Amino acid sequence: MDIFLVEAIVNGLLLGGVLALLALGLNLIFGVIDVVWIAYAELVMCGMYAIYWLHTYYGVPLPAAAVIAVLFVALLGVLVHKLIIAPILGSAPINQLLATGGLLFFLQSFATLLFGADFRNVGLRLPIIEVGEIFVSFARLLAFGVALVGMVGLWLFLKRTYIGIAIRAIAQDREVMILMGVDPQRVYLVTSAIGGGLAGLAAALLVLQYDVHPSIGLSFGPITFMICVLGGLGSMIGGFVAAFIMSQIIAIGGFYTSIELSYVLAFLLFIVMIFVRPQGIFGGRS
Amino acid sequence: MRSVLFAAAGLAAAVSAAAAQDIRVGVLYDLSGPFAAAGSVACSVGAQIAVEMMNEKGGVLGKHKIVAVNADAQSKADVAINEAERLINAEKVDILLGVYSSAHAVPIDQRVDAQKKIFWITTAVATAVVKDRNLQYTFRPTVHSDQYGLVSTDFVAAMAKPKLGMDPKDVKVAIIYEDGPYGAGVASSNEIGAQRQGMQIVLKEGYSATAPDLSSLVTKLRRARPDVILHTGYNPDITLFLRQSREQGLRFKALIGHGAGYGQIDKLIETFGKDVDHVFNVDPVAAQLLDPKTLKPGVPELTAELVRRYKAKTGAKEVPPHASMGFNQSWILFDKVLPVAIEKYGSASPEAIRKAALDVDIPVGGTVQGYGVKFFPPGSQLAGQNERSSPVVMQYVGGVTKIAWPRELSNIDPVVPLPATSPYAMR
């Protein structure tokens, strides 16, 4: 087998790990609160800035900065819910979409105002792993591993803890759960915090591989949303599988054709899926 | 009462006579938004220095002061167009000077040319701004993007035998670029240049500047094994490419960037440290890098004054190429064109300036950026473009920018192929 094709597939797998992690938080929030945070990638951007700032200007070691960033974005998640989502929870989905869309532009402009349009990075150079003729990025491998751990951790949390069970119950039927004495607002807040925390975790992994700038969300936002829709909005397993389908199309398609065309192929698949199976690969509800 | 009226009338006449002596120039740059920090503010400071230096000499021909009417395009095309219209219609300027972005220059030049006003472009480089448009009142003394791609392939051809020990026709080049008008434009001139030199193009591929992953491009480059990579991109994609190339073990003999992201050496060093040593960049030169011996008398003094004033104004340690671009083009207008317009053609009207601009004939070494000035006449494909403009190939050596090409301006022997200390060097 062509050694370069193997390399492309491996790189596709690793990219899939990053995308899967991004899709995880967005899916959780949609599954439970039934709201799409269009500004999800912008929350990731906030986390990246937090890590950059703590590490570069205050000398906080990267792992500690990463932990602070996770907590910081979790708090942002709670604020997003409290200030933006909660007041319009009952309104039409289009209004919720517009509100989080507004948040997207707000965060982008606010970051530009605060940090300027410059590209910044933590200046970290991680080792390279060389296996035979194939080279693997350590940062990507790390992101891949953490994404898997995050998935399993979230699954255990939802299965084993009381609040986790409450979250799943709300996701299944929000009307009945209120009758059962569960306070949905508390569940929503915890879900928003977890969703935000996952965005912070993604930020900690992305900051190792990418420059931070106010429009970094544009690189990841649209494709994350597509992955969630492709897998079935709200389905975490679906999002995980879809992330790897998309990343392999981009990697192998890019290898055989061009990067531009590989995205065309990925979008084409997306459009076809919307027609053939609008609820997504693993989606239950329409 | 009558005498008061007479006095008032006299005063008004005196004021209008004085005003007639002045030359009002609309100066349009992006002072806010993403272009501001990417060089537009540096351009505006350069232009401002040119205005001050001319006025300290008493103005054009010692008596016509330049009155700059400044405006901010905010890095937005619609704002740029509105401000250009306002400068011409409300502020009544006959000359519009500036603009950083080619995307702003195209819609503006169409409007300004139609109103028969002078549009003096200092910075926007896309060839498409003037190509096949036959503009009559638009002039661009600075370089244009087609030149970027050709200069780099000329340079590679010249380096092939002495440095790489191979015939130009055996040199394998890869052309990669962001797929916007800027990257695609430079890439197509790269292709023309490489074909002209008979080189082998082993890969030519574009990508979106916001692509989150370039690893399949890097893998293909590894398979194609180019000797030289010709790259045009902005900032996030360049750092992503360099990072993924290092991680994936891509090796080459030389990497030549073409302005934009590659022009920001400070940023690249911040990210990659020594790894970006010996990377090449094609751009118009920063005036202070030129060897004074290659310039005409009086020109090195201008450069020294520009550098002194720029540092005093901004507190910067380094003077970026964009400051030279803003200053040089403005100075050409004030010092070489306007005097001819007034003396030979009788006024600083757009028609007189247009004729004077077409008369201008400055030899190589006659401006602070080294190039000469002679505008392509109306009717030619690039009407209004300076036919003597030329970018240079620079090399970053130990964090310092050196000039590698053309030979008559160079101040180092270019380091090709990459030395073994580079993580990208062939091994």
Side-chain angles (χ1 to χ4, degrees), chain A residues 2-8 10-12 14-15 18-19 112 116-130 133-140 206 208-220 222-224 247 250-263, chain B residues 30 32-38 40-41 75 176-179 184 203-225 234-251 261 264 266-275 423:
Chain A
D2 184 354
I3 191 81
F4 294 110
L5 177 61
V6 177
E7 184 176 289
V10 170
N11 279 312
L14 296 181
L15 176 68
V18 179
L19 296 178
T112 311
D118 275 356
F119 299 84
R120 299 158 191 278
N121 70 81
V122 291
L124 186 72
R125 269 171 294 164
L126 291 166
I128 302 157
I129 301 160
E130 197 176 336
E133 271 287 282
I134 298 174
F135 290 79
V136 177
S137 153
F138 183 78
R140 297 225 148 172
L206 290 181
L208 303 176
Q209 310 169 48
Y210 294 93
D211 284 7
V212 196
H213 54 97
S215 41
I216 178 89
L218 287 180
S219 294
F220 294 99
I223 191 151
T224 305
S247 66
I250 291 168
I252 300 175
F255 178 74
Y256 278 117
T257 61
S258 69
I259 292 187
E260 284 166 325
L261 200 61
S262 71
Y263 279 90
Chain B
D30 306 288
S32 57
F35 296 153
S40 193
V41 168
S75 306
I176 57 174
Y177 56 99
E178 65 85 23
D179 57 10
L203 184 74
K204 178 174 184 254
E205 185 167 329
Y207 57 83
S208 157
T210 57
D213 184 59
L214 295 173
S215 60
S216 58
L217 175 63
V218 175
T219 300
K220 276 191 282 186
L221 283 167
R222 278 195 347 110
R223 186 178 58 176
R225 304 182 70 84
Y234 291 110
N235 200 324
D237 53 316
I238 288 177
T239 45
L240 183 63
F241 172 73
L242 288 174
R243 191 173 288 136
Q244 294 198 316
S245 296
R246 181 179 157 275
E247 289 172 348
Q248 288 181 242
L250 176 64
R251 316 261 181 238
Q264 296 172 308
D266 292 353
K267 284 276 141 202
L268 291 175
I269 289 174
E270 182 189 309
T271 313
F272 297 106
K274 283 194 167 69
D275 289 2

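Just so we're clear, the structure is a prediction, and the values are computed from it rather than from any experiment. For the numbers below, each heavy atom of this structure counts, side chains included, while hydrogens, waters and symmetry mates do not. Chain naming here is simple, since letters A, B, ... match the order of the sequence lines and numbering starts at 1 in each.
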Legend entry - Side-chain donor or acceptor of B:Lys220 paired with backbone N/O of A:Phe4 under 3.5 Å: no
Inset, instruction - For B:Gln248 and A:Val136, indicate whether the former's side chain and the latter's backbone hold a donor-acceptor pair under 3.5 Å. - result: no
Legend entry - Charged tip of B:Arg222 within 45° of A:Phe135 ring normal and under 6.0 Å: no
Inset, instruction - Using a 4.5 Å cut-off on heavy atoms from C-beta on, say whether the side chain of A:Asn121 contacts that of B:Arg243. - result: yes
Legend entry - Segment of A:Val122 engaging chain B (4.5 angstrom heavy-atom cut-off): neither
Legend entry - Minimum heavy-atom distance B:Ser216-A:Ile250, with the two atoms named: OG-O, 4.1 Å
Inset, instruction - Below 4.5 Å from any heavy atom of chain B, which atoms of A:Thr112 appear? Answer side chain, backbone, both or neither. - result: neither
Inset, instruction - Count the heavy-atom pairs under 4.5 Å between each of A:Ser215, A:Ser219, A:Gly12, A:Ser247 and chain B, then report the option with the highest count. - result: A:Ser219
Inset, instruction - State, with a plain yes or no, whether a side-chain heavy atom of A:Phe119 is found less than 4.5 Å away from one of B:Thr239. - result: no
Inset, instruction - Please check if the side chain of A:Tyr263 supplies one atom and the backbone of B:Tyr207 the other of a donor-acceptor pair under 3.5 Å. - result: no
Legend entry - Which atoms of A:Phe220 approach chain B - backbone, side chain, both or neither, heavy atom under 4.5 Å: side chain
Inset, instruction - Select one option (side chain, backbone, both, neither) describing which atoms of B:Leu214 are under 4.5 Å from chain A's heavy atoms. - result: both
Inset, instruction - Among B:Ser215, B:Ser75, B:Ser32, B:Pro212, single out the residue with the greatest number of heavy-atom pairs under 4.5 Å to chain A. - result: B:Pro212
Legend entry - Residue part contacting chain A, namely of B:Leu217, when any heavy atom lies under 4.5 Å: both
Inset, instruction - Could you verify whether a donor N or O on one side chain and an acceptor N or O on the other, from B:Glu205 and A:Ser258, lie under 3.5 Å apart? - result: no
Legend entry - Which of B:Gly273, B:Gly206, B:Ala36 touches chain A most, by non-hydrogen pairs under 4.5 Å: B:Gly206
Legend entry - Side chain / backbone / both / neither for A:Ile128 at chain B, heavy atoms under 4.5 Å: side chain
Inset, instruction - In sequence, state the C-alpha distance, the side-chain angles, and the governing distance for A:Arg120 and B:Glu270, and then conclude on salt bridge (charged side-chain N to carboxylate O under 4.0 Å, His left out). - result: CA-CA 9 Å; A:Arg120 299 158 191 278; B:Glu270 182 189 309; over 6 Å; no
Legend entry - Atom pair CG (A:Asn11) and CG (B:Asp213), whose distance is rounded to the nearest 0.5 Å: 7.0 Å
Legend entry - Euclidean distance, B:Glu247 CD relative to A:Glu130 CD, rounded to 0.5 Å: 13.0 Å
Legend entry - Reported OG1-to-CG distance for the pair B:Thr210 and A:Leu218, which is rounded to 0.5 angstrom: 6.5 Å
